Amino acid sequence: MLPLSSHPAHPPGECPLLQVQNLTKVYPSGTVALKDVSFDVDDREFLVVIGLSGSGKSTLLRCINRLIEPTSGRVLWDGQDITAAAPAELRSIRRQIGMVFQQFNLVRRSSVLTNVLSGRLGYANPWLSLIGLWPPTERERAMRALERVGIADKVNERADALSGGQQQRVGVARALMQEPRLLLADEPIASLDPVLAHSILQYLEQLNKKDGITVICSLHFLDLVHRYATRVIGLKDGIKVFEGLPQEIDRKRFKEVYGEEAQEVRAASLEAA
Amino acid sequence: MKPRTPPPLWRATKWIVLLVLLAAAYSLSWRVTQPDFLKLIVAAPKAKQIIGDFLHPDIIEREAEISLIEIPFPIPCGSTEVEAAPAPVRLRVEPACAEPRGIFRVSGSDLGPGSTVVMRWLLPSGGTLPIEQYPVDEEGAFSAEIQARPIAATKDGVPARLQAEVSVPLTRIHVSQAMRDVLNAIMVTIFMALLSTTLGTLIAAPLSFLAARNITRTSRLGSVVYYLVRSLLNITRSFEPLVIATIFALIVGYGTPFAGVLGLVITTAASLGKMFSEAVESIDPGPIEAITASGARRSQVVMYGVVPQIIPDFLSYIIYHWDINVRLSTIIGFVGGGGIGYYLSQRFNSFEYHKASTAILAIIVVVWALDFLSAQVRKRMA
């Protein structure tokens, strides 16, 4: 599939931050999660991926940093082929790409500080980090990351002692430790109530606007898409069915992505917001 | 489609065949084991004696003051000269000599109330011949008839001597030698269990990661390692610890604690390896995903994403297995593994049931205490 013409052009001669080319993922069970998906992401974009659950959003995000190995197709990071990268090369690419998860993915029994520091492992001395030794500069970096998301006072608590919203903020702080150029957010608010949802997305927006971190975020709710996205991709059954600006998504487009239950999804999201 | 019901005759036959087979199995097992419930009743007196012994464990002894009194006793009369003993005499014989097989009376007085007297011959040849033990009455006296044994006859003009060992009980009591031996042996057993659990854990922990699907089976090579380690653990786990310990006892020496430790280490490593690997497999994969995504190495992912999740499970399995190993090592002692089990088997072999009872009591106390302790610790960990 060729990139659509509505796609914002990047300056000629300079390659986009991320290029996804003909990405296909077939699971061993035979499920086709992604089918020939291509798109580019420019620096400082806030790209939102929409689609029903099972449409391939999570698989797409995980193929970018190869948490899931794509079956075919390429992902280029700054012109470098992630899909062909050797382990050491892959690690150095991964540490430039932060990730935030729907289920937060914190180590529940570890302290908030340890969880945040674990985001820095890609930079740390492999031997000292194994026995839990961190230089003071890294501890200070972790404190700054926690201050950034407003929960510096919880630094010594166990992760599972925190509320869902606080846990997701720890997740954002952990990603910040990587000093990422790109942040992948896989349904970051699906496990949170609507008020908290906005506060988490506001942190992501701030990182995007103030720090210039490119964001790729998968979302459910249309109103949130309009509020935060600079560009939108719609997935349906693993196929890219929409790519364009958020204001281009109207009822009709939305129905194409979500199918007939779109009405209810939208109503629920409006009510929630 | 109509469900097909088998003909009633066939169904009945099936049941009859099954019943006949079952009856055959039971009659065969009766013939093989030859249960003799009557014997339980016939052997009641014996049982009473043995159980009586077991109900009186050898734990404490009363201290006693022991004194020895000896008098020469010529057999036959006139075989040698005997000078009269100086007064006051506490032990007398009447008459002062006897023909072989003749009966004479020995009596004692002023021996201390409640004491016991053990009479024995000191033979001219230098040997001793026990006679019997007599209680002393409230006045401190005793009296008994003794037969002059031909073996105690005067030899080369030297008469045999009658010896009375008088032990006067004191009010002080102290821990018996058997109790001290038992305490020693049970400490050996506890430390055998501790050492074998520790060594077993050191082997099991790395193996368990290799035998965990979510850690190892990420590549083709990993799959091979996974199946190899898993089969190794399964095969080793099917070895009976008793058998392994017996083999090691034959190799490194019968009755040495080291043999028991070796046997326990192998079974501990196999069963903890399996339990650990299941704990590793049941962890939340989320943190592993998150830490991998941050560009961490595999070792760092395990240390930060896996280890914190498995520590409580591992600790509780280790304590549980220490508990099991204490029980096992008592049994392993019987096959030459050392410790309390070895002590117990030796007491059984020499019919010292009082001492065996002490050992059994110690095992019960220690097993109960460890059971309680491990339950408490595991409760706290959850």
Side-chain angles (χ1 to χ4, degrees), chain A residues 58 61-62 64-69 87-111 114-132 158-160 167 170-171 174-180 182-184 186, chain B residues 202 205-206 209-210 212-227 276 278-319 377-382:
Chain A
S58 286
L61 292 186
R62 281 169 174 73
I64 289 173
N65 60 5
R66 267 175 67 191
L67 285 179
I68 293 174
E69 289 291 339
E89 217 179 333
L90 176 63
R91 282 203 302 274
S92 81
I93 296 171
R94 273 178 177 165
R95 68 182 193 189
Q96 303 172 59
I97 305 176
M99 193 160 185
V100 178
F101 302 84
Q102 176 177 353
Q103 297 298 337
F104 324 134
N105 288 1
L106 302 180
V107 180
R108 300 173 56 81
R109 295 184 58 88
S110 294
S111 70
T114 307
N115 269 293
V116 173
L117 282 171
S118 72
R120 194 70 185 168
L121 282 168
Y123 295 87
N125 178 311
W127 299 109
L128 290 182
S129 67
L130 276 191
I131 52 173
R158 256 173 63 156
D160 56 5
Q167 288 193 35
V170 175
R174 177 175 62 189
L176 278 179
M177 289 297 279
Q178 295 174 235
E179 298 177 289
L182 171 66
L183 188 67
L184 303 174
D186 179 26
Chain B
L202 290 180
F209 282 91
L210 296 179
R213 199 183 305 264
N214 50 347
I215 302 293
T216 309
R217 284 189 69 185
T218 50
S219 64
R220 194 163 295 244
L221 177 70
S223 285
V224 173
V225 172
Y226 167 81
Y227 279 112
F276 283 176
E278 270 156 22
V280 173
E281 280 180 354
S282 68
I283 59 170
D284 174 10
I288 298 176
E289 190 179 39
I291 295 170
T292 306
S294 74
R297 290 156 193 271
R298 196 124 195 89
S299 56
Q300 292 171 323
V301 173
V302 169
M303 212 55 207
Y304 280 79
V306 182
V307 170
Q309 294 196 62
I310 56 177
I311 276 185
D313 274 353
F314 271 36
L315 280 182
S316 101
Y317 291 152
I318 291 168
I319 291 167
V377 173
R378 277 184 286 151
K379 199 155 68 181
R380 206 131 322 156
M381 211 103 64

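Order of the sequence lines sets the chain letters (A, B, ...), proteins ahead of strands, with each chain counted from 1. Source: prediction; values computed, not measured.
B:F314 pairs by the ring-ring contact (aromatic ring centres under 6.0 Å, His included) definition with B:F276, not counting sequence neighbours. A:R120 is linked by a side chain to side chain donor-acceptor pair (under 3.5 Å) to A:E138, A:E179, counting only residues two or more places apart in sequence or in another chain.
Heavy-atom distances place the backbone of A:I97, and not its side chain, under 4.5 Å from chain B. Of the two parts of A:R174, only the side chain, counted from C-beta on, holds a non-hydrogen atom closer than 4.5 Å to a non-hydrogen atom of chain B. In this structure, chain B has a heavy atom under 4.5 Å from the side chain of A:Q178, while its backbone stays farther away.
In this structure the side chain of A:P126 reaches within 4.5 angstrom of the side chain of B:Q300, judged on heavy atoms. Using a 4.5 Å heavy-atom threshold, the side chains of B:E289 and A:R62 count as touching. The shortest distance between side-chain heavy atoms of A:R94 and B:T292 falls below 4.5 Å. Counting only heavy atoms from C-beta outward, the side chains of B:P312 and A:R109 approach each other to under 4.5 Å. Using a 4.5 Å cut-off on side-chain heavy atoms (C-beta onward), A:L106 and B:P287 make no contact.
Across all their heavy atoms, A:G119 and B:S294 have their closest contact at O-CB, 3.8 Å. A pairwise comparison of heavy atoms in A:S118 and B:I291 identifies OG-CG1, 3.9 Å as the closest pair. Nearest heavy-atom pair, A:L130 versus B:S299, reported as atom, atom and distance to 0.1 Å: CD2-O, 3.5 Å. Between A:V107 and B:G305, the shortest heavy-atom distance links the atoms CG2-CA, 4.2 Å.
Rounded to the nearest 0.5 angstrom, A:L121 CG and B:M303 CE are separated by 11.0 Å.
Checking side-chain atoms of A:N105 against main-chain N and O of B:G286 turns up a donor-acceptor pair under 3.5 Å.
Between B:Y304 and the choices A:N115, A:L117, A:T114, the side chain to side chain contact (heavy atoms under 4.5 Å, CB included) rule is met once, by A:T114.
Residue B:R217 qualifies as enclosed at atom CZ: its count of foreign heavy atoms under 6.0 Å is above 12.
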